[in-house]
Amino acid sequence: MIINTIAELREKVKEWRKSGLTIGLVPTMGALHNGHKSLIDKSVSKCDRTVVSVFVNPIQFCPGEDLDKYPRTLKEDEALVAEAGADIVFAPTPKEMYGEGHILSNDFLTYVVPPYFYVDKLCGKSRVGHFDGVCTVVNKLFNIVQPDYAFFGEKDRQQLIILKKMVKDLNIPLEIISCPIVREESGLALSSRNKYLNEEQKKDALALSKILFNIKACYNKGITDTKALAETAYAYLNSNHSLEYLEFRDENDLEEKKIADDNTIVFIALKIGDVRLIDNIKLS
Ligand code: PAF
């Protein structure tokens, strides 16, 4: 069942609450793939009812990013959600979510702004304002659906850490469930942006997972100096790659690690042509 308005969704949620049902929310921007399906499956098995939101959130795109060309595949998304056994696709328009305000200027919108320490690094460094847009829309979705559980993928690990912090700091009464990265057999992490890659770029994209798997193997052999671990990446890079970052950070607070341990996450962002891909791995 597809719902486009906040009012209609609220009515549905009210009915479920009256019947004492638990509610899971899977926030997405659509172009759903098996990574999203794993989140939906988890919600369906844990909750009585599942809402999947499909909303390409304009306020989390920075100027010059891919807002206009971001893949929009609502029909296919609806089919995947129904097949996975979820109950509702919530697909609002930008106007439904933000009114006229944001179209005129973002100055007319109340934002949820995560702590600077969490956003001045990794993706937040090049995507200034991105996490303000993510926290704002996710907060709105939480207020609209009032779920017991919300499901997010570890693929966007910085986002996951920031959203957990937001839920804690703002006493939002729900639990965030994190779900492991789903990879192709080749190792490539599933992402809606993989649709932008041509065949040659897809081969180049394997560098991300190869670098991460190799760093983990080196760590397992006893190398803990993160500078030495980072240097192993160069063997996998060619002139088609533009490395944005390769960083070692704590899994809870994103503090930089000089010496890796079992709580370390290795984060990578790489550009191949115009396509920017991210991935990460935990060293334990
Ligand atoms: O991870 C995403 O797809 C988006 O950032 C999210 C969480 C749905 C917010 O728009």
Side-chain angles (χ1 to χ4, degrees), residues 6 9 24-40 42-43 50-62 65-74 76-77 80-81 84 86 88-98 102 106 109 111-114 118-119 122-124 126-145 147 149-167 170 172 174-182 189-196 267 269 275-280:
I6 295 168
L9 183 58
L25 171 66
V26 182
T28 82
M29 296 208 300
L32 302 182
H33 49 65
N34 280 339
H36 296 111
K37 187 171 175 298
S38 74
L39 309 182
I40 300 170
K42 210 162 198 176
S43 177
T50 291
V51 176
V52 179
S53 62
V54 172
F55 179 60
V56 182
N57 175 34
I59 68 165
Q60 72 184 71
F61 288 78
C62 302
E65 287 189 348
D66 55 344
L67 172 61
D68 291 337
K69 72 166 188 176
Y70 196 86
R72 287 154 169 94
T73 58
L74 191 55
E76 289 91 328
D77 293 347
L80 185 146
V81 169
I88 284 175
V89 173
F90 176 51
T93 59
K95 189 171 166 209
E96 178 70 10
M97 285 297 275
Y98 296 117
H102 93 280
N106 286 349
L109 211 60
Y111 272 81
V112 178
V113 180
Y118 285 65
V119 299
L122 304 171
C123 289
S126 62
R127 305 190 73 193
V128 176
H130 166 68
F131 289 112
D132 300 359
V134 170
C135 286
T136 302
V137 79
V138 170
N139 218 293
K140 284 170 74 74
L141 290 167
F142 286 171
N143 286 330
I144 293 163
V145 180
Y149 301 96
F151 298 78
F152 295 91
E154 289 173 358
K155 163 81 175 22
D156 296 304
R157 182 85 70 156
Q158 185 179 15
Q159 167 175 284
L160 177 64
I161 291 169
I162 287 172
L163 290 173
K164 279 188 173 167
K165 173 87 175 131
M166 177 185 84
V167 163
L170 300 183
I172 302 175
L174 58 81
E175 189 182 333
I176 287 191
I177 309 285
S178 55
C179 305
I181 296 174
V182 179
L190 297 193
S191 161
S192 303
R193 288 189 167 98
N194 291 351
K195 284 196 163 77
Y196 298 148
F267 291 86
V275 190
R276 183 179 177 279
L277 298 173
I278 58 170
D279 200 349
N280 69 84

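Counting starts at 1 for both ligands and their atoms, in listed order. None of these values were measured; they are calculated from a predicted model.
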Notebook entry, point to check: Numbering the atoms of ligand 1 from 1, which are under 4.0 Å from a heavy atom of Asp156?
Noted result: 1 (O)
Check: In ligand 1, which numbered atoms sit nearer than 4.0 Å to a non-hydrogen atom of Val137?
Finding: 9 (C), 10 (O)
Notebook entry, point to check: At a 4.0 Å threshold, what atoms of ligand 1 neighbour a non-hydrogen atom of Thr28?
Noted result: 8 (C)
Next item on the list: Inspect the contact between Arg72 and Asp77 and indicate whether a charged nitrogen and a carboxylate oxygen are less than 4.0 angstrom apart.
Entry: no
Check: Between Arg276 and Glu65, is there a salt bridge with N-O shorter than 4.0 Å?
Finding: no
Notebook entry, point to check: Quick check: does Gln60 get an N/O under 3.5 Å from an N/O on ligand 1?
Noted result: yes
Checklist line | Whether Ser178 side chain and Glu154 backbone form a donor-acceptor pair below 3.5 Å | finding: no
Next item on the list: Could you list the atoms of ligand 1 found under 4.0 angstrom from a heavy atom of Pro27?
Entry: 8 (C)
Notebook entry, point to check: Residues in ring pair (Phe, Tyr, Trp, His ring centres under 6.0 Å) with His33, at least two apart?
Noted result: His36
Next item on the list: Return a yes/no value for Gln159: is any of its N or O atoms, backbone included, closer than 3.5 angstrom to an N or O of ligand 1?
Entry: yes
Checklist line | Contacts of Ala86 that satisfy side-chain contact (heavy atoms from CB on, under 4.5 Å) - sequence neighbours left out | finding: Ile40, Val44, Thr50, Val52, Val81
